[in-house]
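First comes the structure, then the notes that go with it.
A, B, ... follow the sequence lines: proteins, then strands. Residue 1 opens every chain.
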2 protein chains.
Amino acid sequence: MSDPFFAPKGVAVIGASQDAHKLGHGVLRNLIQYRYKGGIYPVNPKAYEILDMTCFPSVSEVPDPVDLAIIVVPAKVVADALRECGERGIGHAVIVTGGFSETGQEGKELEDELLDIAGSHGMSIIGPNCIGTIDTHTPVNTTFVVGMPEPGEIGFISHSGAMVAAIIDWASGSGIGFSRIVSLGNQIDVNETDMMRTIAADPNTKVITGYIEGVADGMKFMEQAKMTAKEKPFLMLKGGKGKSGAKAVASHTGALAGSTEAFRTAFRHSGIQEAETIEEMFEWARAMAWQPLPKGKRVAVLTNAGGPAILAVDALEKYGLEIASLSDDTKAFLRKRLPKAASINNPVDVLAGSGPGTYTLALEALLSDDNIDAVVVIQAPQDWFLPVSLAEVVGEVAGSHDKTVITSIMGKASVEDALKILQKRRIPNVAFPERSASVLSAMIERRNWLANAEKRSKAPINVDKQEAEKLVEDRNWEKLLKLYGIEFPKQFISKTVDEAVEYFGQVDGSVAIKLISDDISHKSDIGGVVLNVSSEDEVRLAWEKIESAVSKQKATMDGVIVQEMIIDAPEVIAGFVRDDQFGPMVLFGSGGTDVELYKDVDMAIAPLSETAALDLIKRTLIYKKLKGWRQYPEGDIQSVIKVLVALGQIAADHPNIKELEINPLNVLARSKGSKALDVRGSLTVSNGM
Amino acid sequence: MSDPFFAPKGVAVIGASQDAHKLGHGVLRNLIQYRYKGGIYPVNPKAYEILDMTCFPSVSEVPDPVDLAIIVVPAKVVADALRECGERGIGHAVIVTGGFSETGQEGKELEDELLDIAGSHGMSIIGPNCIGTIDTHTPVNTTFVVGMPEPGEIGFISHSGAMVAAIIDWASGSGIGFSRIVSLGNQIDVNETDMMRTIAADPNTKVITGYIEGVADGMKFMEQAKMTAKEKPFLMLKGGKGKSGAKAVASHTGALAGSTEAFRTAFRHSGIQEAETIEEMFEWARAMAWQPLPKGKRVAVLTNAGGPAILAVDALEKYGLEIASLSDDTKAFLRKRLPKAASINNPVDVLAGSGPGTYTLALEALLSDDNIDAVVVIQAPQDWFLPVSLAEVVGEVAGSHDKTVITSIMGKASVEDALKILQKRRIPNVAFPERSASVLSAMIERRNWLANAEKRSKAPINVDKQEAEKLVEDRNWEKLLKLYGIEFPKQFISKTVDEAVEYFGQVDGSVAIKLISDDISHKSDIGGVVLNVSSEDEVRLAWEKIESAVSKQKATMDGVIVQEMIIDAPEVIAGFVRDDQFGPMVLFGSGGTDVELYKDVDMAIAPLSETAALDLIKRTLIYKKLKGWRQYPEGDIQSVIKVLVALGQIAADHPNIKELEINPLNVLARSKGSKALDVRGSLTVSNGM
């Protein structure tokens, strides 16, 4: 598939300059020096020749084929230049020039004009205020940035031009190669969602990475990202996580679902893996491009020194990986072939005196062991053999197995040649052994997401839509939730003490008896509420007590509510909130009044399948309690799943609900259900008329 | 102060070898090639000359002065060699040879012999099974490891020889210089605690770093470390954090106070700062060696590009630093001198077109601003000027202020010269801007520790020691705690209903009424417990109810307990546990039954001052609640401090208590105290006879 942004047939540089300090010079220089093989056409009415190339006075005079224009003229004449390109039949333009919407309203108007022109000529635009595109395989480099990354398999989409420049410079010393790079600038036309499709379709790209500061359209972004991530690993660094302006929010759910959490949820939903730092993202990317994903999380560490292996093991355990137990065969083999004092448990320490031959035998044994999914090979600096030899044998042995191998050949000065060999052999090396843990953990996370991505079908609940809509309008959240199958504690209105006793018989366990009286508002204050009533006699005593309290107040008693009491059941929070960018998100976690203290909550995009609901539950600490823990029996997790799925569907069915929150939801013992004790919600303002 | 391990007058190499593959050759080679200026005396009865140096048949023939021996002969003859050194009057020996206790019991016996010899000759020994010592300023390098680090101000103590080798190799390419390095091996004599004293005393060492896997004596370690850390920054990487063998523990406190947490607590107590990775440790060390500590946490970011600055700000906020608000003067100045489109808020973005001159003016303005404690200067790769120029001006401007400056001149290939200048100018540079946050945060942590280190005096509670000891023997924890001033809920034994009513009057709020009866064990099951009793009438009703329940059981009623009920007060856990290495540690955090779920706990070394107790409280999430939060009024934090100080003193006064735990401790509103609701404890086994 030919895309003129990355594989143009000919490129016109509108605003090519003779002045080496100008961007219009840099762009032309890069096209030439980084060996673009198609036609290169500098356009500048004031020059005859630039960098030994004939200059055209106008784009209309540029010969065929030409399908991409790089526009570097001043902002005020960009519209004219773009129009001429459109008239010339050039379908794609990269507008490098800055000074548009980033500077204010005037610039915004200029952008609108550009969009009009593009629309009327059916053009695609990257920019303005961007750095441009690079394809190392074509090759073509439409940027003015000095340096061209090595060809590789990583695609990079960036909202920051500076980040592109920094990455190019950094990568050239780090053995990280790129396929395609694009800086999107103000993205008036082509945005990050369009670009992920283009880059995903590139056969040279094995892993997609990105630095983004926001998304143009959250829903489209997620949809496209999910398709992309099913095909290729998709890693992202999100800039701008800081405290956003404090919004006034009524619910816990609203307070907990900030923009950072929304992005994280959207990323997870779409199979995008979010890195914490630039370095981490590219370390993950390189490993995913070069190595197979581990089939499980059992890791072996092979080393020639104790200390570095200990640090690796500490980090692996911290990231939730398992230190593999070696099979008896492997142990027997190692016992035979390794030095007597060597450790044949995991970590396998061949000791400082062992060379590449011993490493080879041990690595072969570990990679052949069914108990092991991945191996980290560590070499602390030594004097006995050249690190290049180790790089060669690890590359060779790893290449004949389908398991993940990561090396940590430590040091800097003495190991450069070895690192080059590892790069050629597609073995990712980390400078410090503890860094292997983050890489392996990301690979396993990807494997797990892929395994579950297909399972996420929806299970719709049938409700009377009209009835539901009426309940929403009335903000009758309790009835709405009941309509969707969510349970509340049993309660009965009793006019007489005998009725109360009868209803008590219909409830498992104890009840609360609560006064009904129009005369009294704070019922518990005057003794109108009796808790923990657990026998018929107590019901009668409670009735009497309330009766006497009412008579003291000289008020009337209209009966009591007999309400099922829930004791010692874990409290969770379950709700949803509508994110401005990504739509409704279901929130779940530890409930009660301390929910914002411990923040043991997580979110998932609504609507959600039962699988997704269970995944969400599993991401919280309270899951441990629900599984049965300490004095708590196993909870009815199935009923919690039902509640979350129902909330997800309510969110999808009723776009006019802004937030809905059950807190606490009491999770009873297995097969006993969950009971919503309190619910609150709010409608979107736009629907409030 | 001359220490023969780092500044010997003459060095004998016992076991010097002509064979370039042997350690005894490497040691001699390093002494020579890394320019040790004192006498170097190879000892080997089988050689006349090694590396052009006259060889001595025996150490007894080595001429004066000689005060250090490096022993590299085989394990079985090390004792003989050591004895000869002792007889020759050499007081210090580094035993490089391995094959001792690390290989089993036989090796252990050899070590005991070495210790005997050392004792009888008054010798100090490093090793065996170690790499040796380096002092870059003397200079002397007694190791066989290829490479000599650049002279610098960082001392490094290591339990792993491989780590030393790796660090030397890595540092040589990273602009990190060292003063002294030592690998301690099996440390039969000189251990990490001795060595920290030696290295702290070295005037060339400004920062002490260490990789340790354990400590020889926890109490001495803490004492010495605290003295050391008061003088110089002390950073540590702890190896071996993995799941320790699952110990059977009875209390929450025991379960939560694992070895990793104990080390962390001991480190914090001693002013040692624990790094997560090797890289982090040396990045902190370099910054502390080169830059003043920030006086506060208000950071300004100066950049030429948006994206990298956003990542820096995200990271700074994540690490709890503040993005400084610039003063009006600074803003006015920047508005005048920066390009029109530049951002004059924080981050200050001078834009891509600005050069070192603009950076200079902006940096000077920021460093002169009283609202700013530290500045991070970012440079994304650009084409306009050489990065060296920026390095020069940043170094110069930063040098004339007493504030912390960290740079992130991004890239690799194009910035090497700039990094060398920064190194010379003592400006720490991080490859990616987000890394500046961890560095600044560590510097602020040090500043805070120094500010508080002197405040930590103890406030003893006077108790009758004999009475207390008796209570411990009886395991009467409640009375013991009361003796130390810890409160429990009020309770009264009432024989009659009138007594019960009378006692009720002595309690604020509601009470629980609990049956006293020898006949009935599960009192609440038969209705023998009534909660939330809040009026005299209710006391009478409760009495009747219990009476009728007892009569149904045909049992006798010996009266009731009227017990103060505590409602809605935050539950905390407070206890102590005795760590094998570091002695008693006080634990505090969110209490109740879920304490092991949320793990919102932290520890401090006992006994502890009121300041240390408050610090401990502040390190937990529950502190937020105790300060007054949501529906919770401000809690009586002073009373919690009292409880923690008392627990610390109990731990110190009674070494035979292994664990003691109050859970929950209910924290009442301000000035109302805290009440221990449940307490459990255990004695040490050694004292159990």
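Only the backbone of B:Lys238 has a heavy atom closer than 4.5 Å to any heavy atom of chain A. If you measure heavy-atom distances from B:Leu316 to chain A, you find no contacts under 4.5 Å at all. With a 4.5 angstrom heavy-atom cutoff, B:Ile168 does not touch chain A via any of its atoms. Of the atoms belonging to B:Ile323, not a single heavy atom falls under 4.5 Å from chain A. The contact between B:Ser590 and chain A is made by backbone and side chain atoms together, counting heavy-atom distances below 4.5 Å. Residue contact with chain B, scored on non-hydrogen atoms closer than 4.5 Å, involves the side chain of A:Leu23 exclusively. For a residue to count as touching a neighbouring chain, one of its non-hydrogen atoms must lie under 4.5 Å from one of that chain's; by this rule A:Asp537 touches chain B with the side chain only. With a 4.5 angstrom heavy-atom cutoff, B:Glu538 touches chain A only via side-chain atoms.
Taking all atoms of both residues into account, the shortest heavy-atom contact from B:Glu596 to A:Lys624 is O-NZ, 4.1 Å. Of all heavy-atom pairs spanning B:Ala166 and A:Met410, the tightest one is CB-CE, 3.4 Å. Looking at every heavy atom in both residues, A:Asp169 comes nearest to B:Pro381 through CB-CG, 4.1 Å.
Of all the listed residues (A:Ala315, A:Ala341, A:Pro308, A:Ala431), the one sharing the greatest number of non-hydrogen pairs under 4.5 Å with chain B is A:Pro308. The candidate with the highest count of non-hydrogen atom pairs below 4.5 Å against chain A, out of B:Gly411, B:Gly147, B:Ser160, is B:Gly411. For the set A:Ala165, A:Ala305, A:Ser548, the entry with the most heavy-atom pairs within less than 4.5 Å of chain B is A:Ala165. When each of A:Leu541, A:Thr277, A:Val146 is scored by its heavy-atom pairs under 4.5 Å with chain B, the top score falls to A:Thr277. When the candidates A:Glu102, A:Lys412, A:Glu279, A:Lys318 are compared by the number of heavy-atom contacts under 4.5 Å with chain B, A:Lys412 comes out ahead. Ranking B:Lys545, B:Gln382, B:Glu276 against chain A, the residue ahead of the rest is B:Lys545, based on heavy-atom pairs under 4.5 Å. Highest contact tally toward chain B, considering only A:Ala380, A:Ser535, A:Gly306, A:Ala162, is held by A:Ala162 [criterion: heavy-atom pairs under 4.5 Å].
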Does the side-chain contact (heavy atoms from CB on, under 4.5 Å) test come out yes or no for B:His159 and A:Ile310, once each step is laid out?
CA-CA 12 Å; B:His159 276 162; A:Ile310 288 175; over 6 Å; no
Test B:Tyr598 against A:Leu597 for side-chain contact (heavy atoms from CB on, under 4.5 Å), laying out the working first.
CA-CA 11 Å; B:Tyr598 297 115; A:Leu597 188 68; over 6 Å; no
Taking it one step at a time, do B:Trp629 and A:Thr593 satisfy side-chain contact (heavy atoms from CB on, under 4.5 Å)?
CA-CA 10 Å; B:Trp629 186 70; A:Thr593 50; over 6 Å; no
Would B:Ile278 and A:Glu434 satisfy side-chain contact (heavy atoms from CB on, under 4.5 Å), going step by step from the backbone distance to the final call?
CA-CA 9 Å; B:Ile278 301 171; A:Glu434 60 265 37; 3.4 Å; yes
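Note that NZ of A:Lys340 is 8.0 Å distant from OG1 of B:Thr103, once rounded to the nearest 0.5 Å. Between B:Asp594 atom CG and A:Asp594 atom CG the span is 10.5 Å, to the nearest 0.5 Å.
With a 4.5 Å cut-off on side-chain heavy atoms, B:Leu311 and A:Met163 count as touching.
Crowding of B:Glu416 atom CD: a count of heavy atoms from other residues, nucleotides or ligands under 6.0 Å not exceeding 12.
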